[in-house]
Amino acid sequence: MFKAMFIKDIKNFSSSIKLYIFTMLIFPISLAFFYGAMYKNTVNPDRNLQKVKLAFVDYDKSKYSNGIETIFKNDKLKKFIDFNNETNMEDIKKKLQNGKIDAAIEIPKGFSTSIQNGTKTNIKMLKALSASGETEVVYGIINSYLDVINNNSMVISTLKSNVNSKQKVNAIISKIVPETVALSTGNYSKVTSLKLYKKITATQYFAGSMLAFTGFFIAIVAATMMIKEIKNGTMNRLMSTSVTYFKLYVEKLVLAFCISAAFIGAYVIINCALGIVWSKNLIEILSMIILQAFALTGITAFLMSVFKNTKILNMICVPIIMLFACFGGSFYYVDNAAIKVNYMKFTLNYWIGDAYNKLMLGNSMSSITMNLVIIFAVGVVGISIGTLIAKRKSKVYG
């Protein structure tokens with residue numbers, strides 16, 4: 001008899017399958033890609049440095065000015081600095097005004113003479129109004145180089161003031177200055193390997209959040225089938241057979257679990273076909289699908305035991321589902337949410353979506369232990385409450 005009831009309910013469910021496919025598969029998947037495109041630059045901003053177009057004019061032509069040129073022509077900086085030697089400063093100013101170049105460096109005449117005389121020297125840098133913040137890198141390199149050069153000037157000035165022998169001073173300068181210039185030229189920047197912060201795409205994020213949001217409607221559909229059995233008198237006819245209310249209740253739970261698992265699985269498979277990576281481990285994603293289906297079964301058990309009218313069910317539950325979706329981050333990116341994460345944790349949407357997001361990042365099941373416990377607890381509590389009520393009703397209906 002159980003099998004016959006189950007097949008009958010499957011047929012009833014299948015009669016509206018086109019509607020369910022649209023509302024629980026096509027529509028949420030479309031929304032996930034829509035929001036993914038909308039929040040693409042927010043979730044995954046372009047962090048590549050723009051290439052700086054840099055003009056260089058050297059009026060000094062000395063070993064000190066050549067040191068700067070060597071720095072900017074180094075392979076470390078070629079990736080984001082387009083270095084060009086120029087000769088006419090007036091032409092450069094026009095290019096800066098037109099935005100054809102981002103910045104310009106001018107080495108004045110007497111640059112090396114100032115260093116050798118022990119006096120402080122400067123380098124002129126011009127920046128276009130339209131230039132991006134990347135030009136600050138150029139400014140920082142020039143300042144670092146000048147610090148070394150001006151330190152040399154101070155050393156030379158001190159030597160000249162305290163050493164009477166000009167020959168000794170020149171001998172010291174000839175050894176110190178080239179070494180410090182070479183040191184500053186070769187060590188103006190450091191290359192540090194940083195571990196990239198793992199981040200999912202915007203479409204992945206909303207694929208998970210929309211799956212959490214849509215699942216609640218599956219629970220409503222399953223609960224509605226039980227309520228209709230009672231309202232339409234079908235259950236009374238069944239009670240005249242060996243079927244009890246509790247058996248009917250259990251059959252509806254099995255149906256709810258099967259429908260939930262099937263639609264969640266179909267949702268994940270379709271998204272995978274569209275390029276969404278859910279997890280590299282099949283067992284992990286299957287476990288999550290089963291656990292979410294179990295939680296929805298618990299919600300179904302509670303709803304079909306508490307509500308007696310489908311209109312009241314929809315009138316109360318649909319607004320709650322939408323509210324949970326808003327609090328749980330289904331329609332916006334969590335990092336930019338006005339509502340703090342602490343509030344989101346009161347919704348099942350958050351825990352389901354967060355679990356899928358962590359699996360998408362390649363994290364292990366241990367990283368979503370809390371998520372799994374809460375999702376499982378929702379299923380257990382819902383089924384427990386529903387079962388208690390179903391046993392009481394079983395005494396009434398038989």
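None of the values given here were measured: they were computed from a predicted structure.
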Within a 6.0 Å radius of atom [atom1] on [X], are there more than 12 heavy atoms belonging to other residues, nucleotides or ligands?
| X | atom1 | answer |
| --- | --- | --- |
| Ile283 | CD1 | no |
| Phe111 | CZ | yes |
| Ile17 | CD1 | yes |
| Met370 | CE | no |
| Tyr59 | OH | yes |

Do the non-hydrogen side-chain atoms of [X] and [Y] ever get within less than 4.5 Å of each other?
| X | Y | result |
| --- | --- | --- |
| Ile107 | Glu69 | no |
| Trp351 | Ile368 | no |
| Met210 | Ile29 | no |
| Asn271 | Leu211 | no |
| Phe217 | Thr23 | no |
| Asn309 | Ile227 | no |
| Ile105 | Ile123 | yes |
| Met360 | Asn357 | yes |

Taking atom types as modelled, find out whether [X] and [Y] have a side-chain donor-acceptor pair closer than 3.5 angstrom.
| X | Y | value |
| --- | --- | --- |
| Asp60 | Ser112 | yes |
| Thr201 | Thr203 | no |
| Tyr356 | Ser209 | no |

Which atom of [X] lies closest to which atom of [Y], heavy atoms considered:
| X | Y | value |
| --- | --- | --- |
| Gly386 | Tyr249 | C-OH, 3.1 Å |
| Leu253 | Thr297 | O-CG2, 3.5 Å |
| Gly382 | Ala301 | O-CB, 3.7 Å |
| Leu313 | Ala223 | CD2-CB, 4.4 Å |
| Ser65 | Phe56 | O-CZ, 3.9 Å |
| Ala212 | Asn349 | CB-O, 3.8 Å |

Supply the atom-to-atom distance [X] [atom1] to [Y] [atom2], rounded to the nearest 0.5 angstrom.
| X | Y | atom1 | atom2 | result |
| --- | --- | --- | --- | --- |
| Ser14 | Lys11 | OG | NZ | 9.5 Å |
| Leu361 | Ser367 | CG | OG | 8.5 Å |
| Thr214 | Phe27 | OG1 | CZ | 8.5 Å |
| Lys95 | Leu126 | NZ | CG | 13.5 Å |
| Cys272 | Ile276 | SG | CD1 | 8.5 Å |
| Phe216 | Ser260 | CZ | OG | 11.0 Å |

Q | Full working for side chain to side chain contact (heavy atoms under 4.5 Å, CB included) between Leu359 and Trp278 | A | CA-CA 6 Å; Leu359 291 179; Trp278 288 80; over 6 Å; no

Check for a donor-acceptor pair, side chain of [X] on one end and backbone N or O of [Y] on the other, with a separation under 3.5 Å.
| X | Y | value |
| --- | --- | --- |
| Glu284 | Ser364 | no |
| Asn88 | Glu90 | yes |
| Asp102 | Lys53 | yes |

Answer yes if [X] and [Y] sit in the same cluster of Ile, Leu, Val, Met, Phe, Trp and Tyr residues linked by side chain heavy atoms under 4.5 Å apart, and no otherwise.
| X | Y | answer |
| --- | --- | --- |
| Val57 | Ile81 | no |
| Leu248 | Leu388 | no |
| Val380 | Ile299 | yes |
| Ile92 | Met125 | no |
| Ile374 | Phe376 | yes |

Q: May I ask you to say whether Glu136 pairs ionically with Lys127, meaning some side-chain N is under 4.0 Å from a carboxylate O?
A: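 Looking at Lys127 together with Glu136, the answer is yes, because their closest N to O distance falls below 4.0 Å.
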
Q: Give a yes or no on whether a salt bridge exists between Asp354 and Lys358, defined as a side-chain N under 4.0 angstrom from a carboxylate O.
A: yes

Q. Ile269: which other cluster members, linking ILVMFWY side chains closer than 4.5 Å, directly or transitively?
A. none

Q: Evaluate the criterion side chain to side chain contact (heavy atoms under 4.5 Å, CB included) for residue pair Tyr20 and Ile218; output intermediate values, then yes/no.
A: CA-CA 9 Å; Tyr20 297 142; Ile218 299 174; over 6 Å; no

Q. When the ring planes of Phe83 and Phe72 are compared, do they come out parallel, tilted or perpendicular, using 30° and 60° as the limits?
A. parallel

**Q.** Step-by-step side chain to side chain contact (heavy atoms under 4.5 Å, CB included) determination, Ile316 to Phe307
**A.** CA-CA 10 Å; Ile316 293 175; Phe307 290 95; 3.7 Å; yes

Q) Checking ring pair (Phe, Tyr, Trp, His ring centres under 6.0 Å) against Phe213, which of Phe327, Phe331, Phe324, Tyr35 comes through? A) Phe331

Q: Evaluate side chain to side chain contact (heavy atoms under 4.5 Å, CB included) for Leu31 paired with Phe206, printing each intermediate quantity in order.
A: CA-CA 8 Å; Leu31 275 182; Phe206 285 105; over 6 Å; no

